[in-house]
Amino acid sequence: MPIATAAVVRAEGDGFTLEEIAVDPPRPREVLVRVRAAGICHTDLSVRAGATPFPLPAVLGHEGAGTVEAVGSAVTSVAPGDTVAISFASCGECLACHSGQPVRCAHWFRLNLSGGSRPDGSPTLRGTGRHTRSALHGHFFGQSSFATLALTGERGVVRVPADVPPRIVAPLGCGVQTGAGAVLHVLRPAPGDALAVFGAGSVGLSAVMAARLTAATRVVAIDPRAARRELARELGATHVVDPGAEDPAEVIARLTGGAGVQCALETSGRPEVLRQAVDGLAVGGVCGVVGAPPAGAEAHFDVPRMLDRGPRIVGVNQGAAVPRRFIPALIDLYRAGRLPVDRIVREFPLAAIEEAATAAATGQVVKPVLTMP
Ligand code: CXF
Ligand code: ZN
């Protein structure tokens with residue numbers, strides 16, 4: 001069995017501990033990736049905190065980038081030595097997968113979150129030494145890439161050019177894909193539209209960068225952190241709002257002559273902010289929901305107002321992306337200088353994962369990316 005170093009979360013609320021683990025060799029449709037970099041996303045931290053369900057102990061990490069080490073006998077799309085991004089898993093068999101909508105895969109939740117193993121229930125990871133006999137859950141988003149090796153399904157890997165730095169490729173697999181895809185695939189602002197982005201984290205800032213690729217003429221970024229508002233401006237926001245100092249609804253109304261924005265994106269994961277985002281919409285506007293509050297959270301809306309104004313509220317998973325199509329496009333945009341992902345990334349060695357997680361949680365760093373030894 002291949003041996004790797006991984007950051008393991010043993011129990012809810014625990015830190016990450018670096019441990020030696022054993023990774024199963026690839027089955028026919030699986031790919032073993034030598035991970036070069038893995039981004040930290042809030043979902044990793046929310047699982048660690050117990051707010052998003054995933055069985056522990058486990059290896060998390062779901063924005064991997066690396067090199068193919070070995071492939072199963074039926075794999076045709078990548079070969080050893082290829083450079084790849086690792087994105088989410090999908091079954092490839094259900095109607096949604098057959099309709100080109102892997103984000104709506106009938107088995108999405110189990111394959112990416114709740115399972116912790118292969119679809120057939122077999123484990124992909126094992127502890128070593130004193131942990132040999134206890135369970136270790138893997139296959140987080142089909143990958144568990146906070147490790148030097150990741151075993152993933154063939155559908156989760158995307159071949160990418162070898163000359164793009166792993167720290168750039170990694171966050172494309174979730175955070176960047178989510179924000180950019182929400183704007184480019186779902187909201188699709190029309191010429192002259194106004195877009196409000198609530199929350200300027202990695203997803204919100206990716207949405208702002210993507211908005212600059214559209215003909216939206218006003219892009220409002222709302223975030224209480226001054227440094228994030230500044231970065232949002234540099235990345236393409238035409239207006240920024242500090243919700244602690246100004247009511248976003250008033251700023252939006254002022255900016256749009258009282259009409260509201262045609263498009264909004266809620267990335268903060270706070271139900272009361274979702275309410276603000278929906279209330280800020282123009283008649284017939286659309287609000288994408290990508291921020292996830294803890295499981296079971298509910299939001300409230302003014303129902304008569306909804307009848308009057310006809311907002312659409314759309315949950316958007318992973319930017320509604322088909323990773324094999326979208327990630328290469330994001331890379332081309334990055335290389336053309338049109339999607340400056342480097343502006344949100346900071347590298348940390350795997351051994352500094354705790355420092356990186358703190359930097360993400362406190363907001364000091366937008367997108368920490370772990371680089372593997
Ligand atoms: C998450 C968003 C919250 C629900 C689970 C999936 N996506 C990426 O991290
Ligand atoms: Zn994520």
Side-chain angles (χ1 to χ4, degrees), residues 33 37-44 60-66 83-90 96-97 100-105 108 111-113 140-143 145 150 152-153 155-161 164-188 197 199-214 235-236 265-267 269 288-292 314-336 338-345 360 366-369:
V33 178
I40 296 184
C41 165
H42 279 283
T43 304
D44 300 301
L60 306 177
H62 63 287
E63 295 181 343
T83 306
V84 291
I86 320 176
S87 193
F88 63 87
S90 55
C97 284
Q101 291 193 294
V103 294
R104 301 233 180 271
C105 172
W108 203 91
L111 293 181
N112 290 280
L113 280 163
F140 183 60
F141 281 70
Q143 56 183 287
S145 48
T152 183
R155 287 177 60 80
V157 294
V158 179
R159 198 142 67 89
V160 299
V164 182
R167 69 169 187 282
I168 301 297
V169 173
L172 305 183
C174 178
V176 175
Q177 166 169 275
T178 295
V183 171
L184 299 174
H185 294 138
V186 179
L187 300 178
R188 300 170 66 125
V197 177
S202 61
V203 172
L205 290 171
S206 297
V208 167
M209 287 188 250
R212 189 143 72 176
L213 303 170
T214 75
L235 293 173
L265 189 65
E266 200 313 284
T267 75
V289 185
V290 299
V314 189
V316 187
N317 189 13
Q318 295 288 331
V322 176
R324 281 209 192 161
R325 185 163 167 209
F326 197 43
I327 288 177
L330 294 173
I331 287 177
D332 283 349
L333 289 164
Y334 166 74
R335 294 215 276 201
R338 300 171 69 196
L339 192 79
V341 177
D342 50 305
R343 297 292 314 276
I344 62 171
V345 162
V366 180
K367 173 58 75 183
V369 174

> Under the rule for side-chain hydrogen bond (donor to acceptor under 3.5 Å, both in side chains), what residues qualify as partners of Q318, not counting sequence neighbours?
Q177

> Quick check for you: to the nearest 0.5 Å, what is the distance between R212 atom CZ and L339 atom CG?
10.0 Å

> Quick check: closest heavy atoms across A320 and V103, and the distance to 0.1 Å?
CA-CG2, 3.8 Å

> Would the number of heavy atoms belonging to other residues, nucleotides or ligands and lying under 6.0 Å from CZ of R159 be above 12?
no

> Which heavy atom in V203 sits nearest to a heavy atom in G175, and how many Å separate them?
CG2-O, 3.7 Å

> Applying side chain to side chain contact (heavy atoms under 4.5 Å, CB included), run through T43 and F141 and close with a yes or a no.
CA-CA 10 Å; T43 304; F141 281 70; 4.2 Å; yes

> So how far is it from D342 CG to I168 CD1, rounded to the nearest 0.5 Å?
5.0 Å

> Hey, is the main chain of G142 close enough, under 3.5 Å, to the side chain of T152 for a donor-acceptor pair?
yes

> Starting at CG of L172, measure out to OG1 of T178 and round the result to the nearest 0.5 Å.
11.0 Å

> Could you tell me the separation between the CG atom of D332 and the CD1 atom of I327, rounded to the nearest 0.5 Å?
12.5 Å

> In chain order, what residues pass the side-chain hydrogen bond (donor to acceptor under 3.5 Å, both in side chains) check against S90, with sequence neighbours excluded?
R155

> Is there side-chain contact between C105 and L111, with at least one heavy-atom pair below 4.5 Å?
yes

> Given side chains that start at C-beta, do those of T214 and R188 come closer than 4.5 Å, heavy atoms only?
no

> Can you confirm whether I331 sits close enough to P328 that some side-chain heavy atom of one is under 4.5 Å from a side-chain heavy atom of the other?
no

> So do the side chains of I344 and L235 get within less than 4.5 Å of each other, counting heavy atoms only?
yes

> Quick one, R104 and C97 - any side-chain contact, counting heavy atoms below 4.5 Å?
no

> With H185, which residues qualify under ring-ring contact (aromatic ring centres under 6.0 Å, His included), at least two apart?
F326

> Check V369 against A37 and note the closest heavy-atom contact, atom names and distance.
CG1-CB, 3.8 Å

> Identify the heavy atoms of G288 and L187 that sit nearest to each other, and give their distance.
N-CD2, 3.7 Å

> Nearest 0.5 Å, please: how far is CG in L113 from CZ in F140?
5.5 Å

> Compare all side-chain heavy atoms of P171 with those of V345 and state whether any distance is below 4.5 angstrom.
yes

> Between L265 and G179, which heavy-atom pair has the shortest distance, and what is it?
CD2-O, 4.4 Å

> Quick one: does D44's side chain get under 4.5 Å of C41's, heavy atoms only?
yes

> Give the ring-plane orientation class for F88 versus W108, where under 30° counts as parallel, over 60° as perpendicular and anything between as tilted.
tilted

> Look at the side chain of S145 and the backbone N and O of A150, then say whether any donor-acceptor pair between them is shorter than 3.5 Å.
no

> Return the NE2 to CD1 distance between H62 and I40, rounded to the nearest 0.5 Å.
10.5 Å

> Using the side-chain hydrogen bond (donor to acceptor under 3.5 Å, both in side chains) criterion, which residues pair with R343? Sequence neighbours excluded.
E234

> Identify the two heavy atoms, one from V290 and one from A182, that lie closest to each other, and give their separation to 0.1 Å.
CG1-CB, 4.2 Å

> Once side-chain hydrogen bond (donor to acceptor under 3.5 Å, both in side chains) is applied, do any residues pair with N112, and if so which ones, sequence neighbours excluded?
none

> Listed by chain and number, what are the salt bridge (Lys or Arg N to Asp or Glu O under 4.0 Å) partners of E63, not counting sequence neighbours?
K367

> Any side-chain heavy atom of P323 sitting closer than 4.5 Å to one from V157?
no

> I'd like to know if the side chain of S206 and the backbone of A180 have a donor-acceptor N/O pair within less than 3.5 Å.
no

